[in-house]
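For the single chain, residues carry numbers from 1 onward in sequence order. These figures come from a predicted structure and were not determined experimentally.
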Amino acid sequence: MPAITPAQWLTLGIFLICCILLVIRKGHPVYVAWSGVAVLLLLRVITPEQAIRSLSFNAIGIIIGMMVLSELFIASEAPAFLAQRLMSRSRTVAGAVLSVCFLSGFISAFVENVATVLIVAPVALEVARRLDISPIPFLVGIAISANLQGTATMIGDSPSIILAMSSGMNFMDFFWMKGRPGIFFAVELGALTSGLVLYLVFKKYGQPPAGIRQTEVRTWVPTYLLIALIVTLAVSSFFVNKPPYTVGAICLAFAAPALVWYRFHRKDVKFPRFLARLDWNTLLLLMGLFILIGSFSVVGLVDVIARAILNVTGNNVFLAFSAIVWISVLVSGFVDNIPYTLAMIPVAQKVAANLGMQPWALLFGLLVGASVGGNITPIGASANVVAMGILRKNGYKPTFWQFVSIGLPFTLVAVGTAYAFLWLVWGRI
């Protein structure tokens with residue numbers, strides 16, 4: 001293997017320092033990422049032009065559009081209404097909580113995972129209070145269900161958006177691509193089998209659910225807009241030779257009139273306050289990470305990492321696929337999956353090219369491993385951190401091992417199922 005150059009060592013070192021600071025939560029994540037970018041620019045490792053080219057404006061458009069629509073969807077109270085209706089129609093607490101976990105997963109396929117947990121958690125807390133039982137396993141189940149299903153669609157979570165924009169996938173490719181079932185079906189099979197893990201956790205709660213307060217939906221307009229956006233993205237998938245920023249433009253095109261509608265519909269809410277509630281920090285963090293990871297390609301680090309993987313796995317496609325999936329699971333249990341996914345997508349593509357195979361098995365395996373692996377620990381995904389924070393805020397004291405006792409078997413079963421499916425469907429092309 002050729003020696004690593006000083007520029008490559010420097011780039012790798014800056015990235016790892018930023019990752020460590022993000023993991024131990026020292027400093028604001030946005031400041032950490034952009035400080036790394038500033039150092040790369042000041043040391044002339046990359047140029048301003050190369051930094052700008054590293055940004056995925058399509059992904060940025062999708063994130064802004066979905067950020068607006070998700071916030072409006074939450075404010076409409078429609079998700080809470082649906083969760084409460086599901087719980088009230090269940091015969092047992094176990095059935096009620098399982099229903100809400102599945103609803104959490106469904107919502108998360110189209111709405112950011114953290115937002116999903118914030119939507120559904122209050123319902124589970126209310127059930128636990130009325131029955132005088134601990135809500136800890138309920139909120140763990142909601143969080144890990146959201147993380148799993150966020151992988152199923154192009155707009156479900158940031159890593160899915162990043163993968164789609166990096167590989168030229170469209171909305172429908174997640175369901176059916178090149179005459180084969182897409183990653184959606186791998187995730188759903190994983191959801192079915194890992195649902196058995198949740199059933200075993202919750203089956204002891206056989207008592208009937210207590211009466212649940214019903215939330216009134218303020219308006220169905222955000223729900224209709226979200227459905228219309230999904231349909232439009234699906235239809236746009238069938239058009240070829242469309243402009244490169246089509247998907248981002250579609251999301252922004254739905255967000256703009258939604259903001260205008262909200263401005264005049266909710267006169268009791270100060271509009272600047274609504275805009276301030278949007279998750280701008282995640283957007284700015286992603287932009288900084290795009291540039292940090294883009295520097296890998298600029299200095300040739302992608303080739304170095306790809307060659308290191310090939311040195312271990314040789315020309316064995318199955319070993320390369322397995323290594324990417326299970327290393328991703330392990331790493332994402334402790335490291336945020338966004339920087340990891342950004343770093344590994346070009347590596348997986350390069351490994352596939354060197355093996356003379358199409359990249360889809362490696363890319364899909366990477367996405368499943370990185371997104372679902374975060375379910376192992378309470379620090380592995382933002383949704384997990386938020387769920388634990390909600391519990392502490394309400395006077396409960398969840399432990400690291402309480403989370404792991406549910407998250408680890410759930411992850412192993414979900415990833416194992418998806419891993420087998422992806423290899424059978426995509427591993428031989």
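- Annotation for L278 and M67: closest pair CD2-O, 3.7 Å, computed over non-hydrogen atoms.
- Note that CD1 of I46 is 10.5 Å distant from CZ of R53, once rounded to the nearest 0.5 Å.
- A heavy-atom distance below 4.5 Å is found between the side chains of W280 and L283.
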>> If you apply the rule side-chain contact (heavy atoms from CB on, under 4.5 Å), what do you find for L226 with M66, and how did you get there?
In response: CA-CA 9 Å; L226 200 54; M66 292 306 302; 3.9 Å; yes

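- In this model, no donor atom of one side chain and acceptor atom of the other lie less than 3.5 Å apart for S104 and S145.
- The nearest pair of heavy atoms linking A186 to F421 is CB-CD2, 3.4 Å.
- Of the inter-residue distances, the one linking I291 atom CD1 with L40 atom CG reads 9.5 Å to the nearest 0.5 angstrom.
- Ring to ring, F175 and F184 are close: their centroids are under 6.0 angstrom apart.
- At least one side-chain heavy atom of M344 sits less than 4.5 Å from a side-chain heavy atom of I309.
- In terms of heavy-atom proximity, L148 sits nearest to A414 at CD1-CB, 4.3 Å.
- Shown here for V217 and A78, the closest heavy-atom pair between the two residues is CG2-CA, 4.0 Å.
- Side chain of S76 to main chain of F73: a donor-acceptor pair is present (N/O by atom type, distance under 3.5 Å, no hydrogens or angles).
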> Given the rule in the side-chain contact (heavy atoms from CB on, under 4.5 Å) test, do K350 and I305 qualify, once you have shown the distances and angles that lead to the verdict?
Replying inline: CA-CA 9 Å; K350 180 66 70 173; I305 298 171; over 6 Å; no

> Are E188 and Q149 close enough, and set up right, to give a side-chain contact (heavy atoms from CB on, under 4.5 Å), and what steps lead you there?
Replying inline: CA-CA 8 Å; E188 297 315 310; Q149 293 285 7; 2.6 Å; yes

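- In this structure, the side chains of H265 and V221 stay at 4.5 Å or more apart for every pair of heavy atoms.
- Ring pair Y205/F138 is perpendicular by interplanar angle, where above 60° counts as perpendicular and below 30° as parallel.
- C251 contributes atom SG, which lies 5.0 Å from atom CG of L229 (distance to the nearest 0.5 angstrom).
- Residues V368 and L422 share a closest heavy-atom pair of CG2-CD1, 4.1 Å.
- Between V317 and L362 the shortest side-chain heavy-atom distance does not fall below 4.5 Å.
- Note: F290 CZ to S295 OG = 13.5 Å, rounded to the nearest 0.5 Å.
- Looking only at side-chain heavy atoms (C-beta outward), T151 and P159 stay at 4.5 Å or farther from each other.
- Under the 4.5 Å side-chain criterion, counting only non-hydrogen atoms from C-beta, V45 is not in contact with V298.
- Taking the six-membered ring for Trp and the full ring otherwise, W326 and Y419 have centroids separated by under 6.0 Å.
- Side chain of N281 to backbone of V30: no donor-acceptor contact under 3.5 angstrom is found.
- Looking only at distances, a side-chain donor or acceptor of Q8 sits under 3.5 Å from a matching main-chain atom of V299.
- Heavy atoms of other residues, nucleotides or ligands lying less than 6.0 angstrom from CZ of F106 number 12 at most.
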>> Go through it in stages, so that I can follow the logic: the residues are L363 and I345, the test is side-chain contact (heavy atoms from CB on, under 4.5 Å), and I'd like the CA-CA distance, side-chain angles, deciding distance and then a yes or no.
In response: CA-CA 7 Å; L363 290 175; I345 284 173; 4.1 Å; yes

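- Going from atom CG of L292 over to atom OG of S54 covers 9.5 Å, rounded to the nearest 0.5 Å.
- Between the side chain of S108 and the main chain of N147, no donor-acceptor pair closer than 3.5 Å is present.
- Under a 3.5 Å cut-off, the side chain of T193 and the backbone N or O of G190 do form a donor-acceptor pair.
- Shown here are the side-chain hydrogen bond (donor to acceptor under 3.5 Å, both in side chains) partners of D157, two or more places apart in sequence or in another chain: N113.
- Ring centroids of F296 and F15 are separated by less than 6.0 Å, placing the two rings close together.
- Side chains of F171 and I230 form a contact here, defined as non-hydrogen atoms less than 4.5 Å apart.
- No hydrogens or angles considered: a donor-acceptor pair under 3.5 Å links the side chains of S328 and Y340.
- W426 places a side-chain N or O within donor-acceptor distance of the main-chain N or O of P181, the cut-off being under 3.5 Å.
- Side-chain atoms of N375 come within 3.5 Å of backbone N or O of I144 as a donor-acceptor pair.
- Checked by atom type and distance alone, the side chain of N354 never pairs as donor or acceptor with a backbone atom of V351 at under 3.5 Å.
- Put simply, the side chain of Q402 does not reach to within 4.5 Å of the side chain of P378, judged on heavy atoms.
- Aromatic ring orientation, H28 versus Y31: tilted (interplanar angle from 30° to 60°).
- Ring geometry for F81 against W220 counts as perpendicular: the plane angle is over 60°, on a 0 to 90° scale with 30° as the lower cut.
- Side chain of S322 to backbone of L319: no donor-acceptor contact under 3.5 angstrom is found.
- The structure places CD1 of I324 at 12.5 Å from CG of L367, a figure rounded to the nearest 0.5 Å.
- Closest non-hydrogen pair, P359 versus A352, comes out as CA-CB, 3.6 Å.
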